[in-house]
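What follows is a set of notes on a single structure, which appears directly below.
What you see below is based on every heavy atom in this structure, not just the backbone, and it leaves out hydrogens, waters and symmetry mates. In what follows, chains carry the letters A, B, and so on, assigned in the order in which the sequence lines appear, proteins first and then strands, with residues in each chain numbered from 1. Bear in mind that the values here come from a model prediction, so they are computed numbers and not experimental data.
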Amino acid sequence: MSVLGRLKVLSPCCRDAARLLSESMDRRLPLAERVGLRVHLLLCGLCRRYGRQLVFLRRLVDVFTKSVESPASPAASELSPEARARIRERLERN
Amino acid sequence: MDTSDAACSPAVEWLERHGDALFRYALQRTRSRDVAEDLVQETLLAALEARDTFNGRSAERTWLTGILRHKLVDHLRRTLPAQLADGPDDAAPPDLFTRQGNWKVRPVEWTGDPQALMERAEFREVLAGCMSKLPPRTASVFLLREAEEIGSEKICQDLGISPTNLWAMLHRARLRLRQCLTMKWFGVRPKSE
């Protein structure tokens, strides 16, 4: 069996690799899974690309959630006048 | 009742100055206007109590957001476990893999810089749209991890779910977001953009 063939036996499929890539963002993978993932990424450009996308996504979500306070926020919405009045009234009771 | 008493004015001023920002923060993470409004109110009341601890070194907005963040995490701790016990709300995400476990559609390269992209209004709209399509509980859990940056062990403890459950939820959330962003943006734009 060729070296590549041997490596392929050790390698998880893309479905599992994608799951492991995600998990590796939330915990340190156990050794066997870490090695399996490494081997897979060595052989698979698509999963390497997916891994880069996950990092990209994390960065996007980070900027997105931190910018929510600015008025130019995508989630731009405001307290309704009713809610504002209600809260105001409650605050004034204190 | 005469409400012009000076003692109550700071909270009312905070409401005027920061109410909308606090509301958006809470709304993005809870998806419920009612809950978000309550959280804003609780935050301002708590801030009023703790006003002496405001040292003026941090900006008012930052200080208030810090209080809101605590209120929010408390709220999710109280409400999410029961909801999650009903089972995941995203049981059937679209399957992106073949039966052999290969990608059905080859992932395309995402180009651009995250920070620069976020400065474009059309992109922010796309991202907001994709986020809003996440099932609500999945979104809350995902944001505890990614926005509040709480470690997975802590999230599991607080929400009473197993690590396996949590990782699966986060994995599905990422698959969905990545799929949505590819379809709505990265997969349909020429590379030069």
Side-chain angles (χ1 to χ4, degrees), chain A residues 11-29 40 44-80 82-94, chain B residues 1 3 5 7-8 11-12 15 18-25 27-29 33 37 40-41 44-45 48 61 65 96-97 100-103 106-110 114-115 117-118 121 124-125 127-128 131 142-143 145-147 151-153 163 166-168 170-171 174-175 177-178 181-182 186:
Chain A
S11 160
C13 63
C14 296
R15 179 200 299 277
D16 290 337
R19 179 177 55 79
L20 292 172
L21 275 167
S22 172
E23 276 186 36
S24 71
M25 303 187 84
D26 303 309
R27 64 154 174 167
R28 186 170 161 80
L29 293 175
H40 183 91
C44 178
L46 294 182
C47 286
R48 284 200 298 275
R49 188 173 279 178
Y50 181 67
R52 286 195 294 275
Q53 291 176 350
L54 287 187
V55 175
F56 201 119
L57 178 65
R58 172 165 277 181
R59 185 84 191 96
L60 286 175
V61 172
D62 184 57
V63 179
F64 178 72
T65 52
K66 292 210 161 77
S67 69
V68 74
E69 295 146 59
S70 74
S73 151
S77 41
E78 296 171 353
L79 277 168
S80 64
E82 300 79 35
R84 186 180 287 276
R86 200 167 57 237
I87 295 172
R88 189 184 170 115
E89 194 186 315
R90 176 68 187 84
L91 293 175
E92 283 172 344
R93 267 191 278 134
N94 257 54
Chain B
M1 185 169 94
T3 53
D5 184 351
C8 76
V12 173
L15 176 64
H18 311 295
D20 288 329
L22 296 173
F23 177 68
R24 279 194 290 273
Y25 184 101
L27 183 64
Q28 185 185 63
R29 289 155 170 80
R33 294 190 77 94
E37 287 166 8
V40 170
Q41 176 169 309
L44 294 175
L45 285 170
L48 205 53
R61 169 84 52 95
T65 307
L96 302 172
F97 300 93
Q100 292 77 33
N102 298 318
W103 292 98
R106 301 161 64 88
V108 295
E109 195 70 64
W110 284 10
Q115 186 85 45
L117 271 173
M118 285 302 293
R124 287 200 308 265
E125 233 164 81
L127 179 57
M131 295 282 293
F142 179 69
L143 288 177
R145 176 76 191 103
E146 296 291 330
S152 15
E153 250 176 68
L166 174 68
W167 297 325
L170 294 171
H171 173 43
R174 291 178 181 127
L175 278 177
L177 282 174
R178 174 253 165 212
L181 286 173
T182 297
F186 295 105

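Counting heavy-atom pairs closer than 4.5 Å to chain B, the top residue among A:Ala83, A:Ser80, A:Ala17, A:Cys13 is A:Cys13. Per-residue counts of heavy-atom pairs under 4.5 Å with chain A were compared for B:Leu127, B:Leu96, B:Leu181; the largest is that of B:Leu127. Taking chain B as the reference chain and counting heavy-atom pairs below 4.5 Å, the highest number among A:Arg86, A:Gln53, A:Arg59, A:Arg88 is found for A:Gln53. Taking A:Arg52, A:Arg58, A:Met25 one by one and counting their heavy-atom pairs under 4.5 Å with chain B, the maximum is reached by A:Arg58. Residue with the most contacts toward chain A among B:Leu175, B:Leu44, B:Val108: B:Val108 (heavy-atom pairs, distance under 4.5 Å). Contact count versus chain B (heavy atoms, under 4.5 Å) is highest, among A:Val61, A:Asp16, A:Leu57, for A:Leu57. Taking chain B as the reference chain and counting heavy-atom pairs below 4.5 Å, the highest number among A:Ile87, A:Leu60, A:Asp26, A:Leu21 is found for A:Asp26.
Interface residue B:Leu143: only side-chain heavy atoms are found under 4.5 Å from chain A. Looking at B:Phe97, the atoms closer than 4.5 Å to chain A (heavy atoms on both sides) sit in the backbone and in the side chain alike. For a residue to count as touching a neighbouring chain, one of its non-hydrogen atoms must lie under 4.5 Å from one of that chain's; by this rule A:Leu54 touches chain B with the side chain only. If you measure heavy-atom distances from B:Gln100 to chain A, the contacts under 4.5 Å come from the backbone alone. For B:Leu166, no part sits under 4.5 Å from any heavy atom of chain A, backbone or side chain. Looking at B:Arg145, only its side chain comes within 4.5 Å of chain A, counting heavy atoms on both sides.
With contacts defined as side-chain heavy-atom distances shorter than 4.5 Å, the pair B:Phe142/B:Leu177 qualifies.
Remark: A:Arg90 engages A:Arg93, A:Asn94, B:Gln41, B:Leu45 in a side chain to side chain contact (heavy atoms under 4.5 Å, CB included) (not counting sequence neighbours). Legend: residues meeting ring-ring contact (aromatic ring centres under 6.0 Å, His included) with B:Trp167, ordered by chain and number and at least two apart, are absent.
To the nearest 0.5 Å, atoms OH (B:Tyr25) and NE2 (B:His18) are separated by 15.0 Å.
Of all the heavy atoms in B:Arg178 and A:Tyr50, the pair that sits closest is CD-CE1, 3.3 Å. Closest approach of B:Ala11 and B:Leu48 over heavy atoms only: CB-CD1, 3.7 Å. Contact between A:Leu20 and A:Pro12 at its shortest, heavy atoms only, is CD1-CG, 4.4 Å.
Checking B:Ser152 against A:Arg27 by side-chain atom types alone, no donor-acceptor pair falls below 3.5 Å.
Classified by interplanar angle (parallel below 30°, tilted 30° to 60°, perpendicular above 60°), the ring pair B:Trp110/B:Phe186 is parallel.
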